[in-house]
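Worksheet: the structure to be examined is printed underneath.
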2 protein chains.
Amino acid sequence: MDKPLDGIFAALADPTRRTILIMLLEDDMAVTDVAEPFEMSLAAISKHLGILMRAGLISQEKRGRVKWCKIDPDALRDASIWMQSFGQFEAVNLEAFEKFLDQELEGDTTEPF
Amino acid sequence: MDKPLDGIFAALADPTRRTILIMLLEDDMAVTDVAEPFEMSLAAISKHLGILMRAGLISQEKRGRVKWCKIDPDALRDASIWMQSFGQFEAVNLEAFEKFLDQELEGDTTEPF
DNA sequence: CAAACCGTCAACCATTTGGTTGAATATGCA
DNA sequence: TGCATATTCAACCAAATGGTTGACGGTTTG
């Protein structure tokens, strides 16, 4: 019943989690550093990261007392294939993506950049 | 706060709604016919269709007493662009999609086909 | 050792979600 | 007109979600 795509899409449905993914796209980060720009508790971010983990969208590795988070694009690939099926829409368009990224980030109360 | 992608991804996070989209990919359908294969009330399906509507994933048009549902790929295009950004993964692959579609449908208790 | 730091856990809370049922509305048909 | 069909609405419910706080267990550092 609980299929992989359920978790992937549910994880992507939250703007905080999408912003975290965008941040991790730039570079791997420690949990505390991920949390820093957001106006919510560390525990809340820790939960978000757990959801992204279980969805397979990120992986985490503990080195010393620091837990490093890195993006894992394989799960997104699955979801993307599913979506592409509906795709009369054109192929990847980086310019269009940047526009979307801007929309995503502007007006975000948890604005990280 | 409530961005378009929130609604789109949230709508896709439910397997019933994804199955409905797959059904509508084949052809436009009336609400009652959409509901027929599922083991849940018509009212529940009506709610699901409302969620897909508000997400922009389908459109509905009433002709007589029948309300026809048709898929609307534009919203998916938006979500797809967002996801593609993470895409070191290869371009659209119809074969891979069909495999996913099979996985999606098999073992679904609300199996429509 | 002791203090500071990193991150999670547990308990709690308000809101949302996904379902139910029964009544209501709107249309088509005999 | 009167009945059947198509769909939604309203009220309700249990479970999941997204957040909080405070305590806790590792790890590093002074």
Side-chain angles (χ1 to χ4, degrees), chain A residues 1-21 23-24 28-55 57-70 108-112, chain B residues 1-21 23-24 28-55 57-70 108-112:
Chain A
M1 176 77 70
D2 199 65
K3 305 174 198 168
L5 286 182
D6 291 15
I8 296 172
F9 283 127
L12 294 176
D14 185 279
T16 300
R17 290 194 289 265
R18 286 199 309 275
T19 302
I20 291 175
L21 287 178
M23 291 164 64
L24 292 178
D28 300 357
M29 294 178 83
V31 173
T32 305
D33 295 331
V34 170
E36 195 272 329
F38 294 96
E39 287 169 338
M40 75 182 70
S41 69
L42 181 61
I45 296 295
S46 179
K47 279 192 191 177
H48 281 303
L49 289 170
I51 291 169
L52 289 169
M53 258 290 277
R54 281 190 294 284
L57 290 164
I58 66 168
S59 57
Q60 293 178 300
E61 184 198 353
K62 191 167 181 181
R63 283 203 300 275
R65 62 180 167 180
V66 175
K67 201 172 201 175
W68 294 92
C69 308
K70 74 177 294 180
D108 193 338
T109 56
T110 55
E111 176 64 75
Chain B
M1 178 76 69
D2 200 64
K3 305 172 199 169
L5 286 182
D6 292 15
I8 297 171
F9 283 127
L12 295 176
D14 185 280
T16 300
R17 290 192 290 264
R18 287 200 307 276
T19 301
I20 291 175
L21 287 178
M23 291 163 64
L24 292 179
D28 300 357
M29 295 178 82
V31 173
T32 306
D33 294 332
V34 170
E36 194 272 328
F38 294 96
E39 287 168 337
M40 74 182 71
S41 69
L42 181 61
I45 295 295
S46 179
K47 279 193 191 178
H48 280 303
L49 289 170
I51 291 169
L52 289 170
M53 258 291 275
R54 280 189 296 283
L57 290 164
I58 67 169
S59 57
Q60 292 179 300
E61 184 199 353
K62 191 167 181 182
R63 282 204 299 276
R65 60 180 167 179
V66 174
K67 201 172 199 174
W68 294 92
C69 309
K70 73 177 294 183
D108 193 338
T109 56
T110 55
E111 178 65 73

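Every value quoted in this text rests on a predicted model; they were computed, and no experiment measured them. By convention in this document, chain letters (A, B, ...) are assigned in the order of the sequence lines, proteins followed by strands, and residues within each chain are numbered from 1.
On a pure distance criterion of 3.5 Å, a polar donor-acceptor pair joins the side chain of K47(A) and the base of dG19(D).
Between H48(B) atom NE2 and dT17(C) atom C1' the separation is 9 Å, expressed in whole Å. One interatomic measurement links the two molecules: CG of L49(A) to C1' of dG19(D), which rounds to 15 Å at whole-angstrom precision. Distance CZ (F38(A)) to P (dG7(C)): 15 Å, rounded to an integer number of Å. Between the CH2 atom of W68(B) and the C1' atom of dT5(D) there is a distance of 14 Å, rounded to whole Å. Between K67(B) atom NZ and dT27(C) atom P there is a gap of 12 Å when expressed in whole angstrom units. Computed from coordinates, the R18(A) CZ to dG18(D) P distance equals 12 Å when rounded to whole Å. As rounded to whole Å, 17 Å separates atom C1' of dT7(D) from atom CD of E36(B). Across the protein-nucleic acid pair, I45(A) atom CD1 and dC9(C) atom P stand 16 Å apart, rounded to whole Å.
An OP1 or OP2 oxygen of dG19(D) is reached within less than 4.0 angstrom by no side-chain nitrogen or oxygen of S41(A). Put simply, K62(A) has no side-chain N or O that comes within less than 4.0 Å of OP1 or OP2 on dG7(C).
Here dG7(C) is the nucleotide among dG7(C), dT7(D), dG18(C) with the atom lying nearest to any side-chain atom of L42(A). Across dG18(C), dG18(D), dT20(D), the shortest atom-to-atom separation from the side chain of D14(A) is found for dG18(D). Distance from the side chain of M40(A) is smallest for dT20(D) among the nucleotides dG19(C), dT20(D), dG18(D).
With the nearest nucleotide of DNA chain D identified for both S46(B) and R65(B), R65(B) has the one nearer the 5' end.
Side-chain contact between L24(B) and K70(B): absent, with no pair of heavy atoms (C-beta onward) separated by less than 4.5 Å. Proximity of D28(B) to C69(B): side-chain heavy atoms (C-beta onward) are nowhere separated by under 4.5 Å. No side-chain heavy atom of D6(A) sits under 4.5 Å from any side-chain heavy atom of D14(B). Under the 4.5 Å side-chain criterion, counting only non-hydrogen atoms from C-beta, L21(B) is in contact with L12(B).
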Show the numbers, then the answer: is there a side chain to side chain contact (heavy atoms under 4.5 Å, CB included) between Q60(A) and I58(A)?
CA-CA 7 Å; Q60(A) 293 178 300; I58(A) 66 168; 4.2 Å; yes
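At the heavy-atom level, A43(B) lies under 4.0 Å from base atoms of the strands shown.
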